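If you're wondering where the values come from, they're calculated on a predicted model, not measured in any experiment. Numbering of residues begins at 1 and proceeds along the displayed sequence.
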Amino acid sequence: MLDYDLHCHSNISDGTLTPAEVVNRAFLRGVKVLALTDHDDTDGLDEARSTAELHGMTFVNGVEISVTWRKHTLHIVGLGIDPAYPPLQQGLMSVRSGRGARAQKMADELAKIGIGGVLPGALKHASNPNMIGRAHFARYLVEAGHCKDVKSVFNRYLATGKPGYVPHQWADLHDAIGWITGSGGVAVLAHPGRYMVGKHSMGKQTMHALLTEFASLGGQALEVVTGSHTPEQYAEFSRYADEFGLLSSCGSDFHGPDESYRDLGRLPDLPLICRPVWEALH
Ligand code: AMP
Ligand code: MN
Ligand code: MN
Ligand code: MN
């Protein structure tokens, strides 16, 4: 089987490497088919594709769209999208447009608990200021000595319900899937095991409702193997994919050399019952 990695980030969103650096690293780590899937922005795709071509790798245009479904923030990965499709670009622009005001509110909330000056600090970590997000805040708070690493910043300040958390309305599920499929892409529900309710992943009933709606709106795949899933979750979500007639995807969700669950490439194989998403990509 070829080494596929269909989910990763550059500094166009909240990764730490440039698109070319991400592709070079993937190449050195043996990846043969790579998708760059920056949050809510496709500006890294041209640079990534031309770098991938230099190495003879197969490159897949990707994006990861932030969605609000019921009370949950979900991430929908689009693979094989056409970034020039106007409704996709307009949609992504509308999703990005709320980030500045949200960042200001996050900084205000943190100031209330005595942590000041966070917005300019976070912006220094955001190569693309339109995409300012929680990871940039986290990196600044580590730099300023408030926590030892990014993970602890989320646990203490930025996760749902913590002092710096600001609820936000992202895209509708229906719209996000429509932008992806309308541009010729495949919509993938990213890291389904990470949609937490308190300390636990989303319950079975809610997951059933979500997958029913996702599939009826034209969603075609579930991310079964991803950096933040356990082997038990590979098995669990491969059964969901089978039950709902969905294809299965795999990707590291790499954000940078020092802070990811997994580095690029060398992911475990999809469970045997899975129908791989690449069947729909070529
Ligand atoms: P945002 O879109 O600004 O809400 O930021 C979401 C991003 O924050 C995710 O894509 C991850 O990169 C990062 N993130 C979310 N939760 C955690 C966590 N518990 N630990 C580390 N990074 C996280
Ligand atoms: Mn991210
Ligand atoms: Mn995500
Ligand atoms: Mn991601």
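- For the residue pair Asn155 / Ser152, no side-chain donor-acceptor distance below 3.5 Å is found, with atom types taken as modelled.
- Using cut-offs of 30° and 60° on the angle between ring planes, the pair Trp278 and Tyr4 is parallel.
- Rounding to the nearest 0.5 Å gives a distance of 13.0 Å between NZ of Lys71 and CE of Met202.
- Side-chain N/O atoms of Glu236 and His229 include no donor and acceptor closer than 3.5 Å.
- Under the 4.5 Å side-chain criterion, counting only non-hydrogen atoms from C-beta, Arg156 is not in contact with His146.
- A side-chain donor-acceptor contact under 3.5 Å links Ser252 and Asp5.
- Annotation: Gln205, atom CD; neighbour count of heavy atoms from other residues, nucleotides and ligands within 6.0 Å does not exceed 12.
- For the residue pair Asp14 / His255, a side-chain donor-acceptor distance below 3.5 Å is found, with atom types taken as modelled.
- His55 and Asn24 share a side-chain donor-acceptor pair at under 3.5 Å.
- When ring centroids are compared, Trp179 and Tyr85 stay outside the 6.0 Å threshold.
- With a 4.5 Å cut-off on side-chain heavy atoms, His191 and Glu64 count as touching.
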**Message:** Run the side chain to side chain donor-acceptor pair (under 3.5 Å) test on Asp82 and Asn61 for me, step by step, so that the C-alpha distance in whole Å, both residues' side-chain angles and the decisive distance to 0.1 Å come before the verdict.
**Reply:** CA-CA 7 Å; Asp82 173 7; Asn61 286 330; over 6 Å; no

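- Counting only heavy atoms from C-beta outward, the side chains of Asp149 and Val153 never approach each other to under 4.5 Å.
- Ring centers of His9 and His39: under 6.0 Å apart, within the cut-off.
- The OG atom of Ser216 sits 9.0 Å away from atom NE2 of His174, with the distance rounded to the nearest 0.5 Å.
- Ring centroids of His7 and Phe254 are separated by 6.0 Å or more, keeping the two rings apart.
- Rounded to the nearest 0.5 Å, atoms CG (Leu45) and CD1 (Ile81) are 5.5 Å apart.
- Looking at heavy atoms from C-beta onward, Arg266 lies in side-chain contact with Asp3 at the 4.5 angstrom threshold.
- Atom CD in Glu223 sits 10.0 Å away from atom CG in Leu270 (nearest 0.5 Å).
- Less than 6.0 angstrom separates the ring centroid of Tyr240 from the ring centroid of Phe237.
- Counting only heavy atoms from C-beta outward, the side chains of Ser10 and Thr18 never approach each other to under 4.5 Å.
- Heavy-atom contacts from other residues, nucleotides or ligands closer than 6.0 Å to CG of Asp46 number 12 or fewer.
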